[in-house]
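For reference, the structure is listed below as structure tokens.
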Number of protein chains: 2
Amino acid sequence: MFIAEASEKFDLSQDTLRYYERIGLIPRVNRTKSGIRDYTEEDCRWVEFIKCMRGVGLPVEVLIEYVGLFQQGDETKGARKDLLVEQRKELRSRMEDMKNVLERLDDKITRYEMTIAEREKTLHR
Amino acid sequence: MFIAEASEKFDLSQDTLRYYERIGLIPRVNRTKSGIRDYTEEDCRWVEFIKCMRGVGLPVEVLIEYVGLFQQGDETKGARKDLLVEQRKELRSRMEDMKNVLERLDDKITRYEMTIAEREKTLHR
DNA sequence: GTACTTCTTGGAGTTAACTCCAAGTCAAGC
DNA sequence: GCTTGACTTGGAGTTAACTCCAAGAAGTAC
């Protein structure tokens with residue numbers, strides 16, 4: 001799969017795909033003999049994984065480290081696990097914050113709805 | 001309350017507080033006769049609200065609009081509600097994404113734990 | 001009444017994460 | 001064998017959201 005197709009498939013610009021590879025956010029992608037990127041199944045799995053993680057805000061820096069550890073082989077499995085555990089903690093904490101804000105928004109919206117309804121009533125009285 | 005105290009209280013730098021005010025993310029804060037910011041209760045409520053919303057990623061631009069609408073008076077209550085409803089939708093959608101990623105991380109971590117435990121066993125056999 | 005500290009403003013600088021661009025290469029169509 | 005179009009690279013530019021800075025004023029300690 002060439003870069004145009006991958007770009008479509010993952011809804012990431014070609015520039016973003018190249019950028020991710022450049023900075024080590026995904027491992028180096030396969031090339032044809034003439035140097036053109038030709039994404040393998042595994043390349044695609046990396047892109048999908050990174051897009052997914054970036055989508056919920058895991059920092060590029062952290063993901064670069066993960067990919068780096070991965071490329072160093074089995075010895076780094078412990079470190080990789082620790083990294084994921086830490087990110088999971090962060091994610092949970094952010095979700096907790098969001099849950100609270102969501103409640104607050106629900107509340108605020110309900111109050112707006114009530115005052116607006118109240119005003120309507122008064123107007124038509 | 002002067003800016004140093006507000007900065008402490010909300011854990012936002014003085015620069016951030018001034019910046020928020022400058023761009024209209026919070027309404028103009030009260031001044032002493034000599035021009036020094038003196039946060040009232042209401043100013044504080046705004047700061048707290050904005051910090052809270054920014055903390056879960058609501059865009060500055062959107063919050064500026066909300067504050068702007070607020071300052072235009074009761075006529076804008078409908079618009080303010082709509083804005084909050086839209087942001088709630090966004091928030092819910094992001095939380096949904098995060099829930100999925102959380103499951104994925106749980107899975108990945110479990111798998112790491114299993115392979116690491118497996119290797120330990122082999123080593124000590 | 002002068003030194004010190006804390007504030008003021010407008011504007012410049014920084015950071016993360018892309019996004020765009022110029023110059024060049026290569027395969028395909030005619 | 002020349003044009004076209006999709007690709008390559010390294011590097012510059014952009015955006016959102018701060019963060020820092022210089023110059024100056026104002027209250028406080030002595």
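In what follows, every chain begins at residue 1, and chains take the letters A, B, ... in the order their sequences are listed.
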> Given the rule in the side chain to side chain contact (heavy atoms under 4.5 Å, CB included) test, do V85(A) and R88(A) qualify, once you have shown the distances and angles that lead to the verdict?
Replying inline: CA-CA 5 Å; V85(A) 167; R88(A) 178 174 64 178; 4.2 Å; yes
In residues 51-67 of chain A, what donor-acceptor pairs under 3.5 Å come from side-chain atoms, sequence neighbours left out?
residue : atom : partner : partner atom : Å
K51(A)  : NZ   : F10(A)  : O            : 2.9
R54(A)  : NH1  : L58(A)  : O            : 2.6
Y66(A)  : OH   : Y112(B) : OH           : 2.8

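Near DNA chain D, meaning a heavy atom under 4.0 Å away, the residues from residues 3-15 of chain A are I3(A), A4(A), Q14(A). For DNA chain D, the residues of residues 46-67 of chain B within the heavy-atom distance limit of 4.0 Å (strictly under) are R54(B), P59(B), V60(B), sorted by number.
Between R80(B) and G73(B), the closest heavy-atom pair is NH2-O, 2.9 Å.
A cation-pi arrangement is not found for K9(B) relative to Y39(B), the charged atom failing to lie both closer than 6.0 Å to the ring centre and inside a 45° cone about the ring normal.
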> Can you give one letter per nucleotide of nucleotides 22-30 of chain C, 5' to 3': B if a protein heavy atom sits under 4.0 Å from the base, S if only from the sugar-phosphate, - if neither?
Replying inline: ----SS---
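Aromatic rings from F70(B) and W46(B) are positioned such that their centres are separated by under 6.0 Å.
Under 3.5 Å, the side chains of T110(B) and D107(B) contain no donor-acceptor pair of N or O atoms.
To the nearest 0.5 Å, the span separating NZ on K99(B) from CE on M95(A) amounts to 7.5 Å. Rounded to the nearest 0.5 angstrom, I50(B) CD1 and L17(B) CG are separated by 11.5 Å. For the atom pair CZ (R119(A)) and OG1 (T115(A)), the distance works out to 7.5 Å, reported to the nearest 0.5 Å.
For R18(B) and dT8(C), the shortest distance from a side-chain N or O to OP1 or OP2 is below 4.0 Å.
The residue R37(B) sits close only to the backbone: its heavy atoms come under 4.0 Å of sugar-phosphate atoms, none of a base.
Axis angle, first five pairs versus last five pairs of the helix from dG1(C)-dC30(D) to dC30(C)-dG1(D): 10°, rounded to 10°.
With hydrogens and angles ignored, the 3.5 Å screen pairs no side-chain donor or acceptor of E21(A) with any backbone N or O of P27(A).
Nucleotides of DNA chain D with any atom under 4.0 Å from a heavy atom of chain B span, from 5' to 3', dA17(D) to dG27(D).
The distance from atom CZ of F2(B) to atom C1' of dT5(C) is 14 Å, rounded to the nearest whole Å.
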